[in-house]
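So the structure is just underneath, and the comments pick up after that.
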Amino acid sequence: MSNTKTSAPDHTPGPAEDQDLDAAGSQLSTAPTEEIAGLPSLGVIGWTRWFWRQLTSMRVALLLLLLLSLGAIPGSLIPQTGIDETKVAEFRKAHETLAPIYDKLGLFHVYSSVWFSAIYILLFVSLIGCIVPRTWQFVGQLRGRPPGAPRRLTRLPAYTTWRTEAEPEQVRETALALLKKRRFRAHLAGDAVAAEKGYLREVGNLAFHIALIVMLIAFAWGQLFKSEGNKLIVEGDGFSNTLTQYDDFKSGSLFSQDDLDPFSFTLKNFKGTYETTGPNRGTPRTYEADLTYSVGAYGKDRKTTVKVNEPLEIGDSKVYLVSHGYAPVITVRDGKGNVVYRDAVPLLPLDGNVTSTGAIKVMDGYRDAQGKWDQLGFQAFFLPSYGGSGSAVVSQFPALLNPVLNLEAYHGDLGVNSGLPQSVYQLNKKNLKGFKDAKGAQLRENLKPGETMKLPGGAGSVTFEKEIKEWAGFQVARQPGSGWALAGAIAAIFGLAASLFIQRRRVWVRAVRGADGVTVVEMAGLGRSESAKVPEELGDLAGVLYDQAPGAPGGTEAEPDSVSDPDTATAEGAETN
């Protein structure tokens, strides 16, 4: 067996050999080749083709993807009209100079603005324009065969040779069987075997780009047809999935009421447990809401338990448990002892220990001590575990260990008939008068379950009943296309991994009879880019083939896996896209 080459031969290649090497490395990638056109000769068609090539290049696609990411930043930092109109109004009031500028730039509705939509559409077109031709080119490569061996295999980056007494045909057949066993696509091409491997690299590349398109479509579809509503429900109350039942609701521009999934449910019981000791004292351990639900107008009742991050899924809708609080049962009587109000009043938490606040509004049915129609309002603070003294309003623990209800009593006009919207959790005191205690101060008392606060002058009473209900806040979200977005993200990860870690390479084995009648075996490898894997793999293949076609006696022997890796160029034109 002859010496294995360790350096490039002293030979200046001619134009024919350059073309021969280019042919050997052709189509190792589906990346489009760059064509530089003479700018003075470009006409309308030329400029159009140039613009299209720039738009469908990977550089521009990455630039558009970067711009899309940067464009999403103001959508996260600046209040958006489609998410919270109240915060947008507050921002306009607080920033009178910036607000008009933001309006002109569309920063209050980033995701539906003209510039964001333009970037989105251009990225979509760029990816499609990049994928379609590369897909057809790759399909053509799969249907074809690896190119034949170059005339001078010594010019390739990985090369080895030896002499053997085996017949050339026998060597070629053995090499063909070996390469096919190693999952190469191989065939006989003249006096050599041509083989290629690593097609999954291009499959991964194309899968990555297709996955990006799937994700773009899924996100756009989700934004256009999404819906999201919130509802606070007290134990024993129910909910039907209609627009009028929601406390607040927002949706995509193409959403219609008919898209709502028909279902209803009732909150039977809520259970919350908390850490009682240690540094995490008061931290919630479990939040569970027991529901009875039905699907459709005549669906059968079913029971389920909704937990945090474990939503109830009905059709395309998911019912999430998002908040919790208390709803003390309050009874209000007029001066004659008639019950004018009795209900569980949900109060909103202010801190982690569920110190809660809210308002009790008696709008109809109440008469004062003189028998005149009037309205009552109570500012309420609820403390599940009262731990303060005097006038302190603070809870020490979120569970009902020592519940106390603090009430401030008012009467007058609640403003509910003014036509202006107002929160059910806030008391508008503009047209209200406070009841005074014996000292002339605002009437304010702490009540324990079962206790009653008397209103002065025989105006009635307020009773904090022993029954304390709990409420749960639910979010009903409908996000079509989320499954496709997840599938696209997973496919993009695997496709990117395949395109990064799999190398496409070619191997040629030439066996010809020399002038002295001894067979000369040459093996060479070429990869898309310079890598130690190609010489290593060629050395392994040469070692196996050498065992079946051993070197001829005489001459200096060398191991066949001592594959040369000369400082020669890889195939021209096989550039990374």
Side-chain angles (χ1 to χ4, degrees), residues 68 71-91 106-113 116-117 120 215-234 237-267 270 287 289 291 293-296 304-325 346 348-349 421 423-425 471-489:
L68 196 70
I73 294 177
S76 302
L77 301 179
I78 300 174
Q80 300 294 291
T81 54
I83 298 177
D84 196 329
E85 293 279 359
T86 303
K87 288 187 177 180
V88 173
E90 293 175 354
F91 187 92
L107 297 182
F108 289 123
H109 50 91
V110 168
Y111 304 112
S112 59
S113 63
F116 191 86
S117 300
Y120 198 94
M215 291 172 62
L216 288 175
I217 295 175
F219 288 144
W221 186 269
Q223 289 296 316
L224 291 174
F225 292 94
K226 73 174 182 179
S227 65
E228 183 180 293
N230 295 285
K231 180 64 178 179
L232 184 151
I233 303 176
V234 179
D237 292 345
F239 167 79
S240 180
N241 192 28
T242 59
L243 290 181
T244 55
Q245 290 276 299
Y246 285 99
D247 295 332
D248 61 82
F249 186 86
K250 53 182 177 288
S251 62
S253 57
L254 297 183
F255 171 83
S256 70
Q257 187 172 350
D258 295 335
D259 294 328
L260 291 174
D261 294 306
F263 66 88
S264 60
F265 64 85
T266 300
L267 175 61
F270 182 90
Y287 275 170
L291 305 181
Y293 73 97
S294 62
V295 181
T304 188
T305 299
V306 178
K307 304 178 182 180
V308 177
N309 297 326
E310 295 182 18
L312 168 63
E313 297 188 26
I314 304 176
D316 292 332
S317 300
K318 292 184 179 181
V319 182
Y320 294 91
L321 176 62
V322 295
S323 58
H324 156 258
L348 301 181
S423 172
V424 297
Y425 306 105
W471 61 261
F474 295 93
Q475 183 181 86
V476 181
R478 185 178 179 275
Q479 188 74 34
S482 57
W484 284 100
L486 177 60

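What you see is a predicted model, and the numbers here were worked out from it, not measured in a lab.
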Rounded to the nearest 0.5 Å, what separates atom [atom1] in [X] from atom [atom2] in [Y]?
X: Ser227; Y: Gln257; atom1: OG; atom2: CD; value: 11.0 Å
X: Lys307; Y: Leu312; atom1: NZ; atom2: CG; value: 13.5 Å
X: Leu107; Y: Ile78; atom1: CG; atom2: CD1; value: 4.5 Å
X: Thr304; Y: Ile314; atom1: OG1; atom2: CD1; value: 9.0 Å

* Go through the structure and list residues passing salt bridge (Lys or Arg N to Asp or Glu O under 4.0 Å) with Asp237, not counting sequence neighbours. => none

* With sequence neighbours left out, what residues match Lys87 under salt bridge (Lys or Arg N to Asp or Glu O under 4.0 Å)? -> none

Closest heavy-atom contact between [X] and [Y]?
X: Leu321; Y: Ala472; value: CD1-CB, 3.7 Å
X: Trp471; Y: Val234; value: CB-CA, 3.9 Å
X: Leu267; Y: Ala289; value: CD1-CB, 3.8 Å
X: Gly481; Y: Ala218; value: O-CB, 3.3 Å
X: Ser113; Y: Gly106; value: CB-O, 3.9 Å
X: Pro346; Y: Leu232; value: CB-CD2, 3.6 Å

Check ring pair (Phe, Tyr, Trp, His ring centres under 6.0 Å) between [X] and all other residues, then give those that pass, not counting sequence neighbours.
X: Phe116; value: Tyr111
X: Tyr287; value: Phe270, His324
X: Tyr293; value: none
X: Phe474; value: Phe265

[X]: what forms a side chain to side chain contact (heavy atoms under 4.5 Å, CB included) with it, not counting sequence neighbours?
X: Thr244; answer: Thr242
X: Tyr246; answer: Phe239, Asn241, Phe249, Val476
X: Ser112; answer: His109

* Asked: Sub-3.5 Å donor-acceptor pair from the side chain of Glu228 to the main-chain atoms of Gln475, do we have one?
  -> no

* To do: List for me each residue that meets side-chain hydrogen bond (donor to acceptor under 3.5 Å, both in side chains) alongside Asp248, sequence neighbours excluded, and say none if there are none.
  => Asn230

* Structure fact -> The side-chain hydrogen bond (donor to acceptor under 3.5 Å, both in side chains) partners of Gln223 (sequence neighbours excluded) come to Lys226

* To do: Scan for side-chain hydrogen bond (donor to acceptor under 3.5 Å, both in side chains) pairs involving residues 313-323, sequence neighbours excluded, and state none if there are none.
  => Asp261-Ser317

* Trp221 and Trp484, any side-chain heavy atoms less than 4.5 Å apart -> no

